[in-house]
Amino acid sequence: MVHSVYAHMPITVFEEMSGLASRLGAVNLGQGFPDGPGPLALRQKAADAVLNGYNQYPPMVGLPELRQAVADHYRRTQGLDFDGASEVTITSGATEALAAAFLALVKPGDEVVVFQPVYDAYLPLIRRAGGVPKLVTLQPPHWRFDRTMLEAVFSDRTRLVVLNNPINPAGVVLPREDLDLLAEFCITYDAVAICDEVWEQVVFDGAVHTPLIALPGMRARTVKIGSAGKMFGLTGWKVGFLCASPALTHGLSRAHQFLTFTTPPNLQTAVAFGLNEPGDWFTTMHRALQDSRDRLSAGLIRAGFSVLPSQGTYFLNVDLMASGIVEGDRDFALRAVKDAGIAAIPVSALYEVDPVTHILRLCFSKADSTLDLGIERLARARDLSRAAAQI
Ligand code: PMP
Ligand code: GLN
């Protein structure tokens, strides 16, 4: 009765681990969300909007003030030149933006190049739209791709490529040369790029996020996806953006119109306010997240773990093998949440084939005390795992 894409599908690893954490009272460094409340001015704006209007259907493609605010934000921060009225569609989170993009652009049998580890919504959505994913496997510690890897998957059946940059769960901000290479393949094979850039605002150490759409030849063949949830640390708000040429936007907005039709107007107006008047939010957020990343990283190293660098996103990866843990990441993550009270994400869950099984993702957008407790508990999980391996 149920479509084959969903019939045997487990719940996502994020929901699974958050569910276990809350049932078992574990520290949750699994699913990516901040434990801070988010900017007060935005929350006040949203509350005012609920109390004083903004509660009926807004325009299908989003409030004009938000579409303009998105265009202005990208002009200021990334030098992009979107026309708010014809090139921006507001969606219910980046997830809905991705769904709309796949429904609008994938035709049955189209090949879609995807990089794994893969954000877990992509493959089911591509398949449900009739597409055939072609996987490029990225490996720690660098998570880079090269010409040979792209040559192995691009063909004249390639219609789309999906790029997540900065990469969740890798914590990598792709260098310009990788983006140039991918753009060259998109142009040669006449493929459209769907760029999931939800982490664009969360990059560290002065790293610069380069949007693929800014590269020569990519403006008309790229769909750029953003998320206010990530920009403002309000992940439950689910306000996303689709930015693309008017021709692509026409199709994207028609797909969006019968997914959700529109997105709560009170949240849209608050996000428009946040984009127009961010104050020092982005600077404060960067500083706080970078401090948290450094605290988690230093604490883990002191406790004897081997960690991979994190240049962006809320995530830091532990190399279990290099940390002297022989158990696979999923078994270790289950042991950690059940026996040591710490939830994390086993990165193998985000590979479809040939998984890397020795990387554990930790979310660091948390209070110092939570991070410190997390480190303590992860060390306990390691000791339990080592003890079990010796039996
Ligand atoms: N893509 C990536 C890479 C993500 O990490 C996330 C959420 N963490 C999303 C999409 C979904 O974003 P949203 O919550 O706005 O739907
Ligand atoms: N993107 C979030 C993460 O990587 C999870 C989002 C979700 O649970 N759907 O943790």
Side-chain angles (χ1 to χ4, degrees), residues 3 5-6 9-19 30-34 38 58 60-62 66-67 70 88-106 112 114-131 133 160-169 192-202 222-244 248-249 251-265 267-268 271 313-315 345 349-350 352 361 363 365:
H3 192 280
V5 165
Y6 301 113
M9 181 186 286
I11 55 165
T12 89
V13 68
F14 307 116
E15 178 82 3
E16 179 191 8
M17 287 300 163
S18 277
Q31 192 177 32
F33 59 90
M60 182 272 280
V61 289
L66 178 54
R67 301 171 79 201
V70 169
V88 179
T89 309
I90 306 305
T91 59
S92 294
T95 309
E96 196 235 328
L98 286 159
F102 294 132
L103 287 177
L105 300 175
V106 175
V112 182
V114 180
F115 298 86
Q116 59 165 7
V118 55
Y119 186 62
D120 61 355
Y122 298 174
L123 297 178
L125 288 171
I126 291 167
R127 292 201 168 102
R128 195 64 186 86
L160 289 165
V161 50
V162 191
L163 181 70
N164 170 220
N165 182 41
I167 307 178
N168 172 16
V192 169
I194 297 180
C195 290
D196 175 347
E197 301 185 351
V198 301
W199 296 103
E200 60 200 343
Q201 212 67 49
V202 189
T222 302
V223 176
K224 175 177 169 62
I225 294 176
S227 170
K230 301 297 183 303
M231 287 179 177
F232 295 108
L234 295 162
T235 60
W237 278 27
K238 302 295 281 189
V239 177
F241 326 126
L242 274 166
C243 303
L248 287 172
T249 292
L252 297 169
S253 64
R254 296 308 178 272
H256 158 75
Q257 112 173 305
F258 294 136
L259 275 169
T260 56
F261 179 71
T262 190
T263 297
L267 299 181
Q268 288 195 51
V271 170
T313 76
Y314 300 152
F315 308 119
I345 300 297
L350 305 174
E352 178 162 88
R361 193 196 81 174
C363 173
S365 54

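All residue numbers in this chain count up from 1 along the given sequence.
Partners of Pro58 under the side chain to side chain contact (heavy atoms under 4.5 Å, CB included) rule, at least two apart in sequence or in another chain, are Leu63, Thr262, Pro265, Gln268. Under the side chain to side chain contact (heavy atoms under 4.5 Å, CB included) criterion, Ala94 pairs with Val198, Ile225, Ser227, sequence neighbours left out. The side chain to side chain donor-acceptor pair (under 3.5 Å) test applied to Thr95 returns Lys238, not counting sequence neighbours. Taking Ala99 as the reference, Leu125, Leu259 meet the side chain to side chain contact (heavy atoms under 4.5 Å, CB included) condition, with sequence neighbours excluded. Taking Trp199 as the reference, Tyr314, Phe315 meet the ring pair (Phe, Tyr, Trp, His ring centres under 6.0 Å) condition, with sequence neighbours excluded. Gln201 pairs by the side chain to side chain donor-acceptor pair (under 3.5 Å) definition with His73, not counting sequence neighbours. Phe102 is linked by a ring pair (Phe, Tyr, Trp, His ring centres under 6.0 Å) to nothing, counting only residues two or more places apart in sequence or in another chain. With sequence neighbours excluded, no residue forms a salt bridge (charged side-chain N to carboxylate O under 4.0 Å, His left out) with Glu15. A search for side chain to side chain donor-acceptor pair (under 3.5 Å) contacts involving Thr260 returns Glu96, not counting sequence neighbours. Annotation: side chain to side chain contact (heavy atoms under 4.5 Å, CB included) contacts of Phe258 (sequence neighbours excluded): none. Under the side chain to side chain donor-acceptor pair (under 3.5 Å) criterion, Thr263 pairs with Ser92, sequence neighbours left out.
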Worked check of side chain to side chain contact (heavy atoms under 4.5 Å, CB included) between Thr91 and Phe241: CA-CA 6 Å; Thr91 59; Phe241 326 126; 6.0 Å; no
Side chain to side chain contact (heavy atoms under 4.5 Å, CB included) between Asn164 and Phe115, worked out: CA-CA 8 Å; Asn164 170 220; Phe115 298 86; over 6 Å; no
Working for side chain to side chain contact (heavy atoms under 4.5 Å, CB included), residues Leu267 and Leu234: CA-CA 10 Å; Leu267 299 181; Leu234 295 162; over 6 Å; no
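Remark: of the listed residues Leu242, Val88, Thr89, Val88 is the sole one forming a side chain to side chain contact (heavy atoms under 4.5 Å, CB included) with Val70.
Taking NE2 from His3 and CZ from Arg127, the interatomic distance works out to 11.5 Å, rounded to the nearest 0.5 Å. In this structure, CG in Leu252 is found 10.5 Å from CZ in Arg254, a value given to the nearest 0.5 Å. The CG atom of Leu248 sits 10.5 Å away from atom OG of Ser253, with the distance rounded to the nearest 0.5 Å. How far CG of Leu350 is from CG of Asn168: 7.0 Å, rounded to the nearest 0.5 Å. Atoms CD1 and CZ, on Ile345 and Phe14 in that order, are 5.5 Å from each other to the nearest 0.5 Å. Within the model, atoms CD1 of Ile194 and CG of Leu160 stand 5.0 Å from one another, a figure rounded to the nearest 0.5 Å.
Closest approach of Leu103 and Ala255 over heavy atoms only: CB-CB, 4.2 Å. Across all their heavy atoms, Ala244 and Thr249 have their closest contact at O-OG1, 2.9 Å. Across all their heavy atoms, Gly32 and Arg361 have their closest contact at N-NH2, 3.6 Å. His256 approaches Ala100 most closely through the heavy-atom pair N-CB, 4.0 Å. The two residues Thr12 and Asp120 make their nearest non-hydrogen contact at CB-OD2, 3.0 Å. Across all their heavy atoms, Ser365 and Cys363 have their closest contact at OG-SG, 3.3 Å.
No side-chain heavy atom of Asn165 sits less than 4.5 Å from a side-chain heavy atom of Cys195.
Pairs passing the salt bridge (Lys or Arg N to Asp or Glu O under 4.0 Å) check and including a residue from residues 224-233, sequence neighbours excluded, read Glu197-Lys224, Glu200-Lys224.
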